Q: 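The structure that follows is given in the form of structure tokens.
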Amino acid sequence: MNPSAPGTLDLDKLFAARLQAARARPYLATALFALHPVASRQVSTMAVDPHWRCYVSPAFVDRTPVEELAGVWVHEVSHLLRDHHGRSDRVARERGLSGPGERLRMNIAADLEINDDVFGDGLVRPEGAVEPRSLMLPEGQLLEDYLRQFRLGPRLQHLAWLDCGSGADGLERAWDLGPDGAHGLSAQERDAVRFRVAQGINGRPGSAPRGWRRWAEEAFQPPQPWRELLGAAVRSATSGPGVGEDYTYGRPARRSAGVPGAVLPSLRRRPPRVCVVIDTSASVSDAELGGALREVAAITRAVGGRRDLITVLSCDAAARFVAPLCRDEGIGLVGGGGTDLRTGFAKALRTRPRPDALVVLTDGRTPWPSTRPPCRTVVGLFPRQHTSRPGDDEDDPEYVPDSPPEWARVVVIGSPAPGAR
Amino acid sequence: MPTHTPSRSTPSSRPAAAEAHPSPLVVADALSTLLRTTATEPRTDPQLEALTLAVAADLPVLLWGEPGIGKTAALTQLAATLDLPLTTVVASVHEPSDFSGLPVVGDDPAAQGVPMAPPDWAVRLVRAGRGLLFLDELSTAAPAVQAALLRLVLERRVGALRLPPDVRVVAAANPPSSAADGWELSPPLANRFVHLQWTHDHEVVVRGLGGTWPRATLPRLDPEKLPEAVDFARRAVCGLLSARPKLVHQLPSTETRRGGAWPSPRSWETALRLIAFATAASTSREVLSLLVRGAVGDGPGLELLASLDRMDLPDPEDLLADPAGAVLPERGDLRQAVLDGVVAAVRRHPDRSRWDAAWALLVRAVETGAPDLVVVPATTLATLRREDWDVPASIERLAGVVSLSRRADRAAARVAAVPAQAGR
């Protein structure tokens, strides 16, 4: 097919639609204007490639009203901003997904991620845009999550024509101009555009929907699996200088033999004592607590802590009891109702010998101590309340709990990296 | 993965060997020699180029990468290219005193003091006068060892010994997610390095296993460009920091950022140095992006790159002075940034001729590119009109822009008229 005769592409209509899209979503204007439209008769609607070109079918522009085209513009640029092609490639590698059928599934999953909060509020949902609801899937998830929740089949036959191009699922298309073609953006330029958009959203967070705000927060800070982060935090809290180790002259250094006459101190470590304070208020589920607690126990053992040196304290409005962690399954958690972690902190610090590190597992809906405790503190935060999405049933959406204090290292628990699982 | 060709003195030729029943090891050696025979080829590899440039700029580099993806191989190769002897020190198996020096008691400690003796590898490095010091597995070194390394990396001191200036330092670390038993890098140590993410390129690996590895070339610094490069780098960094004072110093606060690059006066100086070297060597933005983000972190690095992009854009005053000869950027978002800049310049110093020149520029923009970019600048420019200024005749050529804008307005009105669009 030859992509010539682009004269039939109604550029005025296409640009009027882009203008309307940029007015409806000012924070995406930079990205919209950075897209370079290319007329192509091979695409059925509009499609993007990873180099920020937008292939447009002239016939599609002719038959589609301006306001719907505006929605398609935003939809296509969302694929690029959210790096759907890179993420699709990663998922394909990690899960061994191959074949055009899988790429179509990735395209659909990417569309699901975008479509649940990109339309409305000044933008029309284009006809046939697939939404989580139409596949009976929950809203607000990521491409990687959706991908494991549906299969291609007769039920999805009507989506087989769907094709947002290589920019959406990473599979190169016949019409792609490739990295060396005209008007492509280099990786650095793509980063710069994405950065400017993210900056715009972070600068005025009120004007963007939650999905976009979450994207902007994470665009240049890829989230890491919480287990590793919690592990690093606990390890650092329990093994940092001054915790559980010191130089001692009580026993000879292993290097003493090499320097006769000098008395060298030897470095002596005693296993760190860790106190885990667990928020057992009603808002934290048992499964979450169990998982997080097992992690803390495993990590602490990995840094040399013995089971008898880990104490667990369950705490809601009052700190209930302190118990040594003797068996993984032997932890009794008592509680429910409101939380005041301050009592938990106080009680944990009163234990003798004093803990080297405090690990606090909570959902964060609690008052925090006003002063810094005299040992390192790691907070494992259950994220539900903070990243709740539209559709979550919140009693009071305006309620913002105090954020954990500056002196604590905060790890958000249960937020896996996209494609990391 | 050594890159040298095999020595000619391979073991005895095969027929003779067959007669004499060679020891199995001789044949095994011959096979190993054949396997070692690899060639190199020049190849554009941004991460290798970034590494080479940072080493040339004499900045300590830290390579982050999963185990087994060829960090050591890249270093071996870099050392060969730069003709520097390579010294590898695995930081995690050393004690702090190996880097701060071992006390050696002499005859009269009260009179002579106790010197801190350096380890043998340091002595050999000093004797050679030059070399590439590779500190491997930095992130698995205990915090006390890391503290001792601070001095080595920054002051190049090992005990009483000072490493010669021609010694370059490169370190490698495994990311926290793969190093289960690792400590994270302390922020002071992290701040001294240029952090480069080392990933493997599928194609490079396949070609390399087939016998051909990419070759690093030393960036060629253009002597003509040196003063210009320094001036450019200073303008870039100072321009950004005077506009964004908050970026000067930001300790990493989020968990994912710990152990990585973060902005401080020291790392900004590093960035400045890197920009100057990259400019003098005419390296691509791609490579500069890796380096700058590796020095001050992703956020501040991207801001710096964004301001470099703006420095590349034509100056609004130049455009206003010669609207007929103006060359506007092709890319839509940059073009709009330029036009916005022009309108802002007119707003700062409004006068009739500048206002007319700005209209001429907008007309030019419509005739050479997408019209929707011109809507906002044109609307703003129209509001700057003074009563006694006549509307220039050329404005008629913007009629298409006005109709485009109206078309978008109508579409927006239609959207607003549809009740309850999909809930939100």
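Chain letters run A, B, ... following the sequence lines, proteins first, then strands; residues in each count from 1. In what follows, every heavy atom counts, from backbone to side chain, and hydrogens, waters and symmetry copies are set aside. This one's a predicted model, so the numbers in the text were calculated from it and none came from an experiment.
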Q: Need one label for B/Arg414: side chain, backbone, both or neither, based on atoms under 4.5 Å from any heavy atom in chain A.
A: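 Only the side chain of B/Arg414 comes within 4.5 Å of chain A.
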Q: Apply the test side-chain contact (heavy atoms from CB on, under 4.5 Å) to residues A/His51 and A/Leu185: give CA-CA distance (whole Å), side-chain angles for both, the deciding distance (0.1 Å), then the verdict.
A: CA-CA 5 Å; A/His51 309 282; A/Leu185 264 59; 5.6 Å; no
Q: If you count heavy-atom pairs under 4.5 Å with chain B, which of A/Leu11, A/Leu14, A/Thr30 comes out on top?
A: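 Highest number of pairs under 4.5 Å: A/Thr30.
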Q: Could you list the residues that satisfy salt bridge (Lys or Arg N to Asp or Glu O under 4.0 Å) with B/Arg310, not counting sequence neighbours?
A: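 Partners of B/Arg310 by the salt bridge (Lys or Arg N to Asp or Glu O under 4.0 Å) criterion come out as none, since no residue qualifies.
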Q: Starting from the C-alpha separation in whole Å, work towards a yes-or-no answer on side-chain contact (heavy atoms from CB on, under 4.5 Å) for A/Val124 and A/Phe119.
A: CA-CA 6 Å; A/Val124 177; A/Phe119 302 120; over 6 Å; no
Q: Is B/Arg410 in contact with chain A via its backbone, its side chain, both, or neither, using a 4.5 Å heavy-atom distance?
A: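 For B/Arg410, there is no contact with chain A at all, as no heavy atom is under 4.5 Å.
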Q: Which answer fits A/Glu68, side chain, backbone, both or neither, if we ask what part of it has an atom under 4.5 Å from a heavy atom of chain B?
A: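 No part of A/Glu68 comes within 4.5 Å of chain B.
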Q: Is it the backbone or the side chain of B/Asp409 that comes under 4.5 Å from a heavy atom of chain A, or both, or neither?
A: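 Its backbone and side chain both get close to chain A.
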Q: Could you look at A/Ala24 and say if it's the side chain, the backbone, both or neither that has a heavy atom under 4.5 Å from chain B?
A: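 It is neither, since no heavy atom gets under 4.5 Å.
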Q: Chain A heavy atoms under 4.5 Å from B/Glu330: which part of the residue, side chain, backbone, both or neither?
A: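 The side chain, not the backbone.
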Q: Using a 4.5 angstrom heavy-atom cutoff, name the option from A/Ala34, A/Ala29, A/Ser186 with the most pairs to chain B.
A: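 Heavy-atom pairs under 4.5 Å are most numerous for A/Ala34.
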Q: Sort B/Ser405 into side chain, backbone, both or neither according to what part of it lies under 4.5 angstrom from a heavy atom of chain A.
A: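 Both backbone and side chain.
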Q: Please verify the inter-ring angle class for B/Phe99 with B/His94; under 30° counts as parallel, over 60° as perpendicular, anything in between as tilted.
A: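 Plane angle between 30° and 60°, so tilted.
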Q: Assess whether side-chain contact (heavy atoms from CB on, under 4.5 Å) is satisfied between B/Asn174 and B/Glu66, documenting all intermediate values.
A: CA-CA 5 Å; B/Asn174 301 326; B/Glu66 305 290 329; over 6 Å; no
